[in-house]
Trainee: 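To start, I am sharing the structure in question, which I have written as structure tokens.
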Amino acid sequence: MPRLDVREIPPVNRHDKIHEEFDGMDPGETLTIVNDHEPKPLYYEMAAEVPAFDEEAYEVRQNAPDEFVAEFPKAEE
């Protein structure tokens, strides 16, 4: 499954990179994102704009003060 650490990507470019990666996935795959903050704005953006995002299966955990790992699953067709 794809994994993307966005902490080194400038914030202005993060969402575009994430969307690009998500769009390239097959249905049923999950994109794991490592971020320096909880990606709630991205979750809401994906839920509103990306029909293939399975928001019911979204998960996030905090591993350190500056490390959040979020699972963005792509729905089965």
Side-chain angles (χ1 to χ4, degrees):
M1 298 289 174
R3 181 178 176 92
L4 187 60
D5 188 336
V6 299
R7 293 176 291 182
E8 299 300 317
I9 299 172
V12 71
N13 298 330
R14 289 180 184 181
H15 285 206
D16 288 341
K17 179 66 176 163
I18 292 165
H19 281 280
E20 179 182 302
E21 192 76 26
F22 189 86
D23 289 345
M25 293 180 354
D26 291 328
E29 288 189 313
T30 298
L31 174 59
T32 300
I33 296 170
V34 181
N35 204 349
D36 56 7
H37 63 277
E38 186 173 358
K40 270 295 191 191
L42 177 63
Y43 166 82
Y44 290 124
E45 178 182 309
M46 296 281 286
E49 299 176 8
V50 182
F53 171 51
D54 182 1
E55 59 188 281
E56 298 282 325
Y58 168 83
E59 293 183 18
V60 65
R61 66 188 175 279
Q62 183 175 2
N63 294 340
D66 63 346
E67 183 179 299
F68 289 78
V69 179
E71 307 286 335
F72 287 83
K74 193 167 192 175
E76 298 280 349
E77 291 184 336

Trainee: Can you see which heavy atom on Pro41 is nearest to which on Glu38, and at what distance?
Mentor: CD-O, 4.0 Å
Trainee: Can Tyr44 be reached from Val6 by stepping across I, L, V, M, F, W or Y side chains whose heavy atoms are under 4.5 Å apart?
Mentor: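 Yes, it is one cluster - the side chains of Val6 and Tyr44 are joined through contacts under 4.5 Å.
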Trainee: Rounded to the nearest 0.5 Å, how far does CG of Leu31 lie from CZ of Arg3?
Mentor: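 The distance works out to 10.0 Å.
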Trainee: What are the two closest non-hydrogen atoms of Gly28 and Met1, and how far apart are they?
Mentor: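 Shortest heavy-atom separation between Gly28 and Met1 comes out as O-CE, 4.0 Å.
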Trainee: Kindly indicate whether the side chain of Asn35, heavy atoms from C-beta on, has any atom under 4.5 Å from the side chain of Leu42.
Mentor: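 Heavy-atom side-chain distance check fails, nothing below 4.5 Å.
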Trainee: Applying salt bridge (charged side-chain N to carboxylate O under 4.0 Å, His left out) as the test, list every pair that has at least one member in residues 4-17; sequence neighbours left out.
Mentor: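 Counting only pairs at least two positions apart or across chains, the salt bridge (charged side-chain N to carboxylate O under 4.0 Å, His left out) contacts touching residues 4-17 are Asp5-Arg7, Arg7-Glu67, Arg14-Asp36, Lys17-Glu20.
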Trainee: Does Asn13 have any side-chain contact (heavy atoms from CB on, under 4.5 Å) partners at least two apart in sequence or in another chain, and if so, which?
Mentor: Ile9, Pro10
Trainee: In the single-linkage hydrophobic clustering (I, L, V, M, F, W, Y; side-chain heavy atoms under 4.5 Å), do Leu4 and Val50 co-cluster?
Mentor: yes
Trainee: Specify whether Tyr43 and Tyr58 have parallel, tilted or perpendicular ring planes, treating 30° as the upper limit for parallel and 60° as the lower limit for perpendicular.
Mentor: tilted
Trainee: Which pairs pass salt bridge (charged side-chain N to carboxylate O under 4.0 Å, His left out) with one or both residues in residues 44-55, sequence neighbours excluded?
Mentor: none
Trainee: Return a table of donor-acceptor pairs under 3.5 angstrom between the side chains of residues 68-76 and protein atoms on other chains or two or more places apart.
Mentor:
| residue | atom | partner | partner atom | Å |
| --- | --- | --- | --- | --- |
| Glu71 | OE1 | Thr32 | OG1 | 2.8 |
| Glu71 | OE2 | Thr32 | OG1 | 3.4 |
| Lys74 | NZ | Phe22 | O | 3.2 |
| Lys74 | NZ | Asp23 | O | 3.3 |
| Lys74 | NZ | Met25 | O | 2.8 |

